[in-house]
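Worksheet: the structure to be examined is printed underneath.
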Amino acid sequence: MSTRLASPGRPRADRTATGRGATLRRVVPPGLLFALPFLVLFVLFMLWPLAQGVWMSLTDTSLSAHDPSFIGLDNYTEALGDAEMWRAMWHTVWFTIVSTVPLVVVALAMALLVHTGLPGQWVWRLAFFAPYLLPVGVIGLLWLWLYQPDLGLYNHLLQAVGLDGYAWLSDESIALYAIVIATVWWTVGFNFLLFLAALQSVPDHLYEAAALDGAGAWRRLWHVTLPQLRRITGVVTVLQMLASLKVFDQVYLLTKGGPNGSTRPVVEYLYDMGFTGYRLGYASAISYVFFALIILASAVQFVALRRREK
């Protein structure tokens with residue numbers, strides 16, 4: 001009798017547990033439960049600092065004052081009328097333009113050379129990618145030595161062929177371009193790997209069909225390889241422009257924004273305003289003006305890429 005009473009009760013309990021689990025799944029989707037740890041970290045370390053930065057940009061927060069007061073949009077008004085900020089913004093934009101072109105073209109050329117089957121491919125891959133693994137401190141020290149006016153390698157090579165050396169990092173007309181050269185040497189390896197992976201994914205039958213039609217190496221490059229790399233080229237260009245817009249480390253280590261502010265990017269300018277001038281509120285306002293310009297540039301690039309794909 002006890003067995004008969006117990007056995008009907010078990011499925012009823014199981015059905016109750018199953019019903020509660022189904023109700024819980026309807027209320028809280030399983031995907032949300034899996035994403036919850038990431039969402040918590042995202043809110044704590046991304047959204048909350050962003051909200052704090054927006055609030056700080058609306059106050060006169062300073063490292064030398066303990067009681068900040070609300071000043072509204074005064075910091076933004078001052079930033080939009082700050083000639084030095086716009087000068088630093090122009091340096092950032094010009095650095096981005098000058099550095100993005102070689103970082104895309106040179107990376108593509110390097111990937112094509114390796115993909116053609118050069119002997120000792122692992123050596124070439126290591127040589128092209130190894131500089132990207134170096135920390136920025138090593139890069140700064142290395143290129144400071146290379147750019148030394150008296151003992152540097154570049155001036156020594158120029159003098160060996162009868163040319164005058166340059167003050168690479170103290171001449172306002174060439175200092176920014178010297179930083180671009182160092183940046184290209186340091187970071188081109190990452191773009192090289194992206195292009196190389198894309199080249200390895202191009203179907204072989206496209207090259208075979210082009211060869212059967214009598215297309216030579218150059219025609220296969222222009223009519224098969226480059227069209228197949230159109231999407232990854234757009235992605236690399238966008239990523240590189242966003243990375244170049246945030247330039248700071250190598251500029252600070254090589255020139256500290258000099259000479260006479262001719263290489264100072266906007267990130268270094270807001271760093272100077274916040275931690276040298278102690279004006280954290282004003283520096284926050286500059287950062288959000290810069291952030292808005294980055295969002296605008298990214299939107300324009302994505303729209304252009306979509307239209308090109310259509």
Side-chain angles (χ1 to χ4, degrees), residues 28-29 32-33 35-97 99-100 136-137 176 179 238-304:
V28 182
L32 181 60
L33 293 176
L36 188 60
F38 166 77
L39 292 177
V40 171
L41 295 176
F42 182 75
V43 170
L44 288 178
F45 296 103
M46 183 64 71
L47 294 184
W48 177 247
L50 283 174
Q52 285 288 94
V54 171
W55 169 252
M56 188 181 297
S57 69
L58 301 175
T59 66
D60 59 352
T61 304
S62 174
L63 290 176
S64 59
H66 301 288
D67 297 320
S69 58
F70 181 79
I71 59 174
L73 299 177
D74 290 353
N75 284 329
Y76 290 95
T77 303
E78 182 181 354
L80 294 176
D82 189 348
E84 281 299 317
M85 190 209 73
W86 289 113
R87 185 187 180 206
M89 195 77 72
W90 166 245
H91 294 159
T92 304
V93 172
W94 183 240
F95 175 87
T96 301
I97 295 172
S99 63
T100 298
V136 66
L176 186 64
I179 297 174
V238 172
L239 292 177
Q240 187 55 59
M241 291 186 68
L242 294 178
S244 295
L245 284 171
K246 297 181 290 184
V247 62
F248 171 74
D249 299 342
Q250 61 268 42
V251 177
Y252 188 78
L253 291 173
L254 290 174
T255 64
K256 291 184 171 58
N260 298 322
S262 61
T263 62
R264 181 166 61 174
V266 68
V267 176
E268 184 177 348
Y269 182 71
L270 67 91
Y271 171 83
D272 292 338
M273 291 295 102
F275 296 99
T276 304
Y278 298 157
R279 301 184 60 191
L280 294 180
Y282 183 57
S284 298
I286 295 175
S287 68
Y288 282 98
V289 171
F290 182 49
F291 176 71
L293 294 178
I294 290 179
I295 294 297
L296 179 61
S298 302
V300 171
Q301 291 171 5
F302 279 115
V303 170

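Fair warning: this is a prediction, and the values are worked out from it, not measured in the lab.
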Roughly how far, to the nearest 0.5 Å, is [atom2] of [Y] from [atom1] of [X]?
X: Asp67; Y: Ser62; atom1: CG; atom2: OG; value: 11.5 Å
X: Gln52; Y: Leu47; atom1: CD; atom2: CG; value: 12.0 Å
X: Leu270; Y: Phe275; atom1: CG; atom2: CZ; value: 9.0 Å
X: Ser64; Y: Leu280; atom1: OG; atom2: CG; value: 9.0 Å
X: Gln250; Y: Phe95; atom1: CD; atom2: CZ; value: 5.0 Å

For the residue pair [X] and [Y], what are the closest heavy atoms and their distance?
X: Tyr76; Y: Ser57; answer: OH-OG, 2.7 Å
X: Asp272; Y: Arg264; answer: OD2-NH1, 3.3 Å
X: Thr263; Y: Thr255; answer: OG1-OG1, 2.8 Å
X: Tyr269; Y: Ile286; answer: CE2-CD1, 3.6 Å
X: Met241; Y: Thr96; answer: O-CG2, 3.7 Å
X: Met89; Y: Val266; answer: CE-CG2, 4.0 Å

Donor-acceptor under 3.5 Å ([X] side chain, [Y] main chain):
X: Ser262; Y: Pro259; value: yes
X: Asn75; Y: Ala285; value: no
X: Thr61; Y: Pro68; value: no
X: Thr100; Y: Ile97; value: no

Are any non-hydrogen side-chain atoms of Leu58 and Ile71 less than 4.5 angstrom apart?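 They are not in side-chain contact.
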Please test Ser298 against Leu242 for side chain to side chain contact (heavy atoms under 4.5 Å, CB included), starting from the C-alpha separation and ending with a verdict. CA-CA 8 Å; Ser298 302; Leu242 294 178; 3.1 Å; yes
Pair listing, salt bridge (charged side-chain N to carboxylate O under 4.0 Å, His left out) test, anchored in residues 39-62, at least two apart: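 As it turns out, there is no salt bridge (charged side-chain N to carboxylate O under 4.0 Å, His left out) pair with a partner in residues 39-62 once direct neighbours are skipped.
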Between Phe248 and Tyr271, what is the ring plane arrangement, given parallel below 30°, perpendicular above 60°, and tilted in between?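 If you compare the ring of Phe248 with that of Tyr271, the planes turn out tilted.
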Aromatic contact between Trp90 and Trp94, with the criterion being ring centroids under 6.0 Å apart: yes or no?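 Yes - the distance between ring centres of Trp90 and Trp94 falls below the 6.0 Å cut-off.
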For Arg279, what residues pass the salt bridge (Lys or Arg N to Asp or Glu O under 4.0 Å) criterion, not counting sequence neighbours?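 Per chain and number, Arg279 pairs via salt bridge (Lys or Arg N to Asp or Glu O under 4.0 Å) with Glu78.
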Sequence neighbours excluded and cut-off under 3.5 Å, please list the side-chain donor-acceptor pairs for residues 287-294, or say none.
| from | atom 1 | to | atom 2 | distance (Å) |
| --- | --- | --- | --- | --- |
| Ser287 | OG | Ser284 | O | 2.5 |
| Tyr288 | OH | Leu50 | O | 2.7 |
| Tyr288 | OH | Val54 | N | 3.4 |

With side chain to side chain contact (heavy atoms under 4.5 Å, CB included) as the criterion, how do Thr92 and Val267 come out once you've worked through the C-alpha distance, each side chain's angles and the decisive distance to 0.1 Å? CA-CA 9 Å; Thr92 304; Val267 176; over 6 Å; no
